[in-house]
Amino acid sequence: MSQRIPEQVIENVRNNVNIVDIVGQYVQLSKSGRNLFGLCPFHEEKTPSFSVSEEKQIFHCFSCHRGGNVFKFIMEIENVSFPEAVLKVAELGNIEIDKEILHDFDSSDGESSNSRKLKKVHADAAQLYHHILINTQIGEEALSYLHERGLNDDIINEFNLGYAPEKAILTAFFKERKVAGELLRKSGLFVEYSDGTMNDRFRNRVLFPIRDAQGSTIAFSGRLLHKDDKQPKYLNSPETELFNKRKVLFNFDKAKSEIRQKKFAILFEGFMDVLAAYRSGVKNGIASMGTSLTNEQIYLLERTTNELFLCYDGDEAGQNAIARALELLEPVTKLKLGVIRIPEKLDPDEYVQKYGETAFEQLISDAHETKIAFYMRHYQQNRNLANESDQLAYIADVMQKLAVIESPVEQDLYLNQLASRFSLEKDSLRLQLREYIGKFKPQKQFRAAKESNLRSFGSMSTANSQKYSRIERAERLLLYRILHEQNTRIRLRNYTDFSFVHDDYQLVYTISEGYFNAYPEYETARFLDFLDNERARQLVVSLELDNYALESSDEEFEDCMNVISKESPLEQSIAEIKHKIADAKKINNNELVTSLTMKLVSLLQQQQTNKSASL
């Protein structure tokens, strides 16, 4: 499959994209020293250990140890083959690929991955349902419903909304296209009966395609067109190889670039709210799959932004839902949380229909509330603040929220508001706040200590992974020089019997000779593609992250050669003697133990002498 993309095309894509631009579409990166850092997309973490080197065009995670060039990143995060990764990088980097190459690649059905086939099934189903909605008499009622909800044809087309009619059509549709039954069973688009027959899962429903972060349709959510007490109002696809509702946010694929640009995301309650916002020009909105945000969804957002606003219905139920969501989110996320308040107890969709799209866009821009501002408003519900008892209860509730705020300035701001509103002395309020802070301090210290331990553990594991033996340190330095300096390569060729001690280093060295026969200069990103062995690739990535001096010296070269050539056989002999001593002890051969121990002492003395001489 890799032969289908010519080498010059791969070179063109690699040379004309910046890995920072590609990775930045998946991970929120911040500059720190020479590299950029962010939260690793391959495992959950609280402290960024994912690094991108713009200079060397590589990435590396110091915790999970994944690393490579831009193609490797896309292969890992998209779970695709190397040729698919090249095409995806070209797409993300706006680099044109010859249409004949694209056609040849797309026609390679026999080599398509299972997930790719499932995505094709979902794409075809989405197109069929969309066609039925906008072009057939069967879909007229569903189309009218969407128009009544304020969705114009542009939005309907952009989000590829569809309609699944009462009569089952999908089975026959795929049967005509000779799609394998086993693939259809795995898709989640059908209900399978005990006799093995299948029927359409979605019937008489308006369909919202659910897309992954890269924009591929992986599931559907269907809303009943006519109320039926025997069926749920909304029906989602079941979990499949493609779809895990804990990991997916509705509209994230379209919203992510806007979220990065605006520097915040907006969480809506439902799909229609997201669409109402989108048609109003508010394109950084997302929604969960009918549940509160999961850890996986939170982590997805943390990799994309630092701030999240909740925009739920303005009625009491919606405001209560915001309070519950904040309570759940506060302990588990580093996101700065806020609220966008919809007035008149309207939901976002209703507000757009009543006041128009421009007014809603302005509201989203102006109506930001902090968590505390929301709680101060929310705690007034069902309370008579002219009553002293309700006043005290209200102030106590607000104080508990203020006690966990880190910013003294923010605390002071809201203490001023409370003092002014209830004609109280600010010093009295501050004294009460200190009491609440004392109550919450142990919990804050525990959380801080836990996060500190996690950071320390990450640092320790990273440090331990870099503890190499004296011989391996010499091998690493020499191999780095071989890759980066032509003089070292030429000089080493005079040592005809030389070989590295460890197989991985010897493998990289051997492959490098073939690489330099094909290319005059060393480029890390290109060389990584030249390596087929994953261990060898990760070795090279780790070498590139070591802080070696820019230039070598004759003394450095001689030291490396001495350590590798002289100390390695000595270490091997020491290891063999130790093994023989252990065997002799097992059979109680004390005479042999004594003899071998004397030899071991002699070898250890020689080893120490060699080390002293090289200092």
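Note that these values count all heavy atoms, side chains included, but never hydrogens, waters or copies made by symmetry.
The residue from R279, K283, K254, R211 that alone fulfils the salt bridge (Lys or Arg N to Asp or Glu O under 4.0 Å) condition with E158 is K254. Each of E78, K256, R303 was scored for a side-chain hydrogen bond (donor to acceptor under 3.5 Å, both in side chains) with Y26, with one residue passing: E78.
Between E307 and K263, none of the side-chain N atoms (NZ, or NE/NH1/NH2) sits under 4.0 Å from a carboxylate O, so this pair counts as no salt bridge. By the 4.0 Å N-to-carboxylate-O rule, E513 lies too far from R493 to be salt-bridged with it. Looking at R246 and E296, a side-chain N of the basic residue comes within less than 4.0 Å of a carboxylate O on the acidic one, giving a salt bridge. Salt-bridge formation is not detected for the pair K186/E241: no Lys NZ or Arg NE/NH1/NH2 atom is positioned less than 4.0 Å from an Asp or Glu carboxylate oxygen.
Considering all non-hydrogen atoms of both residues, A219 and H122 come closest at N-CD2, 3.6 Å. The two residues A265 and L301 come nearest to each other via the heavy atoms CB-CD2, 4.2 Å. Between Q297 and S288, the shortest heavy-atom contact is OE1-CB, 4.0 Å. Of all non-hydrogen atoms in R203 and A168, the two that sit nearest each other are NE-N, 3.8 Å. Closest approach of F516 and P520 over heavy atoms only: CD2-O, 4.5 Å.
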Stepwise salt bridge (charged side-chain N to carboxylate O under 4.0 Å, His left out) test for R491 and D554
CA-CA 10 Å; R491 190 170 182 179; D554 292 344; 3.0 Å; yes
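The aromatic rings of F42 and F59 sit tilted, their planes meeting at an angle between 30° and 60°.
Cation-pi geometry between R177 and F173 is met: under 6.0 angstrom from the ring centre, within 45 degrees of the axis. In this structure, R481 fails the cation-pi test against F557, since its NZ or CZ atom is not both closer than 6.0 Å to the six-membered ring centre and inside 45 degrees of the ring normal.
Within 6.0 Å of the CD atom in Q486, the count of heavy atoms belonging to other residues, nucleotides or ligands does not exceed 12. Within 6.0 Å of the CD atom in Q8, the count of heavy atoms belonging to other residues, nucleotides or ligands exceeds 12. Within 6.0 Å of the CD atom in E96, the count of heavy atoms belonging to other residues, nucleotides or ligands does not exceed 12.
With hydrogens and angles ignored, the 3.5 Å screen pairs a side-chain donor or acceptor of K56 with a backbone N or O of E544. Within the 3.5 Å criterion, the main-chain N or O of E192 finds no donor-acceptor partner in the side chain of R185. In this structure, D200 contributes its side chain and K167 its backbone to no donor-acceptor pair below 3.5 Å.
In this structure, NZ on K72 lies 9.0 Å from CG on N69, to the nearest 0.5 angstrom. For the atom pair OG (S30) and CG (L39), the distance works out to 9.0 Å, reported to the nearest 0.5 Å. The CG atom of N251 sits 10.0 Å away from atom CD1 of I210, with the distance rounded to the nearest 0.5 Å.
A distance of 6.0 Å or more separates the ring centres of F159 and F271.
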